[in-house]
Amino acid sequence: MALTVDAEHTVPARRRGAPASHDGHRGAPAAHGGHHGPTSFWSTYVFSTDHKVIGLQYMFTGMVMALIGGFMAYAFRMQLAFPDQPVPGFGLVTPNVYNSLVTNHGAIMIFWVAMPMLIAGFGNFLIPLMIGCDDMVFPRLNRLSYQLFFVSAIVLLASFVVPGGGFGGAWTSYPPLSSSGTFNHTPWGAPLWLAAVAIEFIAFLLGGINFITTAMNARAPGMRMWDIPMVVWMIVIASILFMASAGPLIAGAIMLLLDQVAGTHFFTPAAGGDPLLWQHLFWFFGHPEVYVVLLPAMGIVAEVITVHARKKLFAYKTILYTTAGTAAFSFVVWAHHQFVAGIDPRMANLFTITTLLISIPIGEMLFCYIATLWGGSIEFKTSMLFGVAFLAEFLLGGVTGIFLGASAVDVYLHDTYFVVAHFHYTFVPIAIIAVFAGIYHWYPKMFGRLMDETLGKIHFWGTIIGFNTIFLPLFVTGAAGDHRRIYSYQHFQQLATDGLQSLRVVATVGMLIMLLAQTAFIVNFVRSLVRGAPAAANPWRANTLEWAAPSPPPHGNFAEMPTVYRGPYEYSVPGRTEDYWPQNVPA
Amino acid sequence: MIDWLTPRASSFAGDIDWLFALILGFVGFWFVVAEVVLFSFLFKFRRRRNARARYVTGTLKTEKRWISVPHVLIILCDVVIIAATLSVWAAVKQSFPPAQEKVRIVAQQWAWTFVHPGPDGALDTADDVTTIDELHVKTDTTYHFELTAKDVLHSFSVPAFRLKQDAVPGRVITGWFKPTTPGQYDVQCAEICGIGHGLMPARITVETKEQHDQWLRRAAAPAGGLVATGPGGTPWR
Amino acid sequence: MAQQTATAYTAPTTPATPARASERAHGHPSYVKIWGILLALLAASIAGPFFGIMWLTLVTAFGIAVVKAVMVAAYFMHLNIEKPLVRYMLLAIAALVLVLWAGIYPDVQKSEGQNWRQAERVVRPAGDAHAKPAGEAGRH
Amino acid sequence: MATSVPLATTRAATGIPTARLAMWWVIASEIVIFGGLLATYVMLRLHHDHWAEEASHTSTLAGGFNTFVLLTSSLFAVLAHQAAERGRGVRAARFLWYTIGGGATFMLVKAFEYTNEISHGYTMFRDVFWSYYYTATGLHGLHVLAGMVCMAIVAAGARRGENLHRVELVGIYWHFVDMVWIFLFPLLYIAK
């Protein structure tokens, strides 16, 4: 008796014993979306397998970790601006405390803020909705990946309170400093930090499999390859990139953990190990990692600017091919982080060439985004402001990468604040500006309420002015020779000048402005939950499928599964009265 | 450009500053062009009285040319930058001019040990002068240095010389520099090496030949000279 | 044991897609034969080193390992009748390991390179009663 | 906890059943992990000549026998899958338990091998070769254990005739673990 599957309406009535989904639970005869068991607070919000709830869990955890990471930035920026004076709300920042603040600021912002918000938060919430299905393919695997992620956050926070304090060997944790307590003086902090990162990797491997398989297989009927919205493409390619690049570092993390805990000598040169091996394994992961967080941000910006400019995305296929090109290219550029780290100078030549050439596809993607704005009818909602600010700020981030990609200039600029300013001009647009664009854009869909526009604009200008005030001066101090992770520049006579110190004070003031602006966002976020204007299903009059579901979408998303008739970006089609044409509306 | 911020005190500092300026030129131009185009689109196509947007697929030849022409120009700029970079990199890190003097630099957790060749001009001889956090060099002399580390990664960075090379324990990495202008310059550790990473500054004193010989005699004299092998000797050679 | 009548096995795919199970039902090489070949190859790879010829040992050890891996993948994992998409994906991921090796070997596999050499270790690693004293200390 | 079956699992736009597509991605991520570890081992092995002498203390006999055991268990796994295809759940479960038996034998031989080597002083801390030896074979052993546990669960289900497609999935995982050993064996045991 073959399986009768009628994708249109309800889930087929299942016969006992028919092969059900992957997760090993019995083929429950309950019709989908119908009667559930008793739903308590715990099963609805904490142990839920609904992709939307899990997406929001990732987002809230990411926001909390962003506050912690931001507080660390506040502490060490105050120490840099007013050296050796107790920081209000934190206390005295001694050298080892400074090192662990800097290390964990980097690790938290990349692993526990950027990746969860961009890949897991938006990925979980948007992918099933945007490809028109009811949930992720493996709901319980999805829940397990969040739980592992939550455990990794707890383990990381635990690493701050163990004897010796948090690990202070930079987020790259280069051995031999990271591989033995005698060198890093955090015998408990270092293994715990590494264990937290390893658990977080496992969580994102599991989550990644869910995203890739759902996007590949569970597309709505009628949705061809070119009808998939760009943000879904980007999150899937990012998950593949993460999975392919994290492998060697997981092997490396096992070796480093054994070095730290068991006392083996994988990376101890005295006994045959090699410290450069870890650097290579780390950066083989490290560089694809920055594209893992860049691509979802580009996808979010693509959705936001097409909706609010009412314009079709310029050259959808070109963007897709250049994304695939960038993803493939990102595997052969990693040693530009190690030009002066002792690798063979001949290899540096190869990596200089590949690094400069990877700026071509990224440049083309940005040009296509800017070309999308041509001939548009742009309405500056807060999400559009953030979307456009991403393009403007990321241009400077990408452009300053050329200085560091050129090996000879990197001899001078390596590990200076020029590098710090460069990667903040790429990471902040990715992990903060694009995420705010996504939150302001999809908040109505997530919570069924509209966010306040004036508070949003205050938050926008505060964030942008603050951000630029921090990192433009740091380009200059970096070019002057300020090196990274140095807790006080008073000991270096060439750097202890008043001019450079005033630039550091300006940067700290910029950071304070940026932190204050976030209060506008928190107030706006919380207040709109209850007092925001109720949002219709499609407040921005957009085309993609998630706007066909009610706001907030119930469990099971769509009353009836949508069928796709056209691409996601058919805006302002000549000859139509309305300037948008949702994917699921028959011709 | 960089010499506005840090003095230029070695022979290849000029090349690196020139390359920085070259890249700044190319990159600055494209950055300004892109930002101007972006902001002009934002201003020109802001929503006015609900005007309809245009329908542009970006797949037509004429439309794609707006992307592929700048695309090709950027490739040309990149090729020029790559060529310039490879030539400067070869001069700085690959082919060295013949050494007139050799020094040994050993980095350890939180101090620099410099081994000068001493009056006889040869390393590993009895009259070597070992100093801590204090390197004395003669102007207009090509120095080759052997850099290693005792415990963790460090990085020998002299901003005034535009010189940086990581010290990897278990490896001996050779590099070169040729001081040009006398003076005292900072040495910083550019690779995180634990608690004292920010507390291990050293000074390089670039002096004329006479001042250097005078210092050598004073330093090499048995009363004033430091122990030749330095603290605890080095497990690497 | 009541013979299972309930379900003829069909992969939970919508009927529209060709159920791969039916293609494979009759396209079966005899697995026991494949297994026999694999054991023969295993015996060869163990026998290899006894001849003492270096290149022969390498060929038998690693050449046969690759052949065995391909056979397991093709016949046991049914990659030979799987969709080409899966083969390309797995080959691309495997190629990444080569990319990793190609980028790292100049630094980790060599003991010297342009303007750098590995300092010979004066200190022997602890707890090494058996090794020849000159073993590691000599330059290599 | 009511977990309804999402409609998403019934769709297969790529023509590959979702569960098997996911399993291929699991295999892909494992390839890169073991690939990274073995590539690192090969590089250091080619660098340190004295590792060949250290490697001479590994017993090729135990390694060879273990390869035989894993190959046989792979045969049982594919026979189990063949039985599952024909809907004969009980037969599939029996073959799965033969495979688990093979895995157990493998772990037993490994245990004897380890104790023998450690008693002769070849511990993990003696030399970096031994660190790699224990890390690689240990990680592989953990994967064998995990495979055996999953296979037991799938066999229990198959005996009741449910989720027969899982027999194939756990078979794919098992063949991959066997393939890793096929590469580990020459690298650690034969190259002397």
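By convention in this document, chain letters (A, B, ...) are assigned in the order of the sequence lines, proteins followed by strands, and residues within each chain are numbered from 1.
Remark: C:Ser111 OG to D:Leu46 CG distance equals 12.0 Å, nearest 0.5 Å. Rounded to the nearest 0.5 Å, atoms CG (D:Leu21) and CD (C:Glu82) are 8.5 Å apart. We find the CE-OG distance between C:Met77 and D:Ser74 to be 9.0 Å, quoted to the nearest 0.5 Å.
The minimum heavy-atom distance linking D:Met43 with C:Val108 is given by the pair CB-CG1, 4.1 Å. Of all heavy-atom pairs between D:Ile190 and C:Pro49, the closest is CG2-CG, 3.6 Å. Considering all non-hydrogen atoms of both residues, D:Gly15 and C:Lys83 come closest at CA-CE, 4.1 Å.
If you measure heavy-atom distances from D:Thr72 to chain C, the contacts under 4.5 Å come from both the backbone and the side chain. Proximity to chain D (any heavy atom under 4.5 Å) is shown, for C:Ala73, by both the backbone and the side chain. The contact between C:Leu38 and chain D is made by backbone and side chain atoms together, counting heavy-atom distances below 4.5 Å. Looking at D:Leu187, the atoms closer than 4.5 Å to chain C (heavy atoms on both sides) sit in the backbone and in the side chain alike. For chain D, no part of C:Leu96 is nearby; none of its heavy atoms comes within less than 4.5 Å. Neither the backbone nor the side chain of C:Leu98 comes within contact range of chain D; no heavy atoms are under 4.5 Å apart.
Listed options C:Ala43, C:Ala65, C:Ala92, C:Ala94 were ranked by heavy-atom pairs under 4.5 angstrom with chain D; first place goes to C:Ala65. Contact tally against chain C (heavy-atom pairs below 4.5 Å) for D:Ala39, D:Ala28, D:Gly64: the top residue is D:Ala28. In terms of non-hydrogen atom pairs under 4.5 Å with chain D, the most contact-rich of C:Thr60, C:Val86, C:Leu100, C:Leu58 is C:Val86. With chain C as the partner, the residue from D:Ile172, D:Leu71, D:Ile31 showing the most heavy-atom pairs under 4.5 Å is D:Leu71. Top candidate by heavy-atom pairs under 4.5 Å with chain D, chosen from C:Leu85, C:Val32, C:Leu42, C:Ile34, is C:Leu42.
Considering only heavy atoms from C-beta on, C:Ile46 comes within 4.5 Å of D:Phe185 through its side chain. Inter-residue side-chain proximity for C:Val66 and D:Phe183 is flagged as met; some heavy-atom pair is nearer than 4.5 Å. In this structure, D:Trp24 and C:Leu79 have side chains that are in contact, with non-hydrogen atoms separated by less than 4.5 Å. The side-chain heavy atoms of D:His81 and C:Phe76, taken from C-beta on, include no pair separated by under 4.5 Å. Residues D:Val42 and C:Tyr105 form no side-chain contact, since every pair of their non-hydrogen atoms from C-beta on lies 4.5 Å or further apart. With contacts defined as side-chain heavy-atom distances shorter than 4.5 Å, the pair D:Ile182/C:Val72 qualifies.
Judged by distance alone, the side chains of D:Glu168 and C:His78 never bring a donor and an acceptor atom under 3.5 Å apart.
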TODO: For C:Lys68 and D:Thr67, run side chain to side chain contact (heavy atoms under 4.5 Å, CB included): C-alpha distance rounded to whole Å, both residues' side-chain angles, the deciding distance at 0.1 Å, then the answer.
DONE: CA-CA 11 Å; C:Lys68 283 199 291 189; D:Thr67 314; 3.8 Å; yes
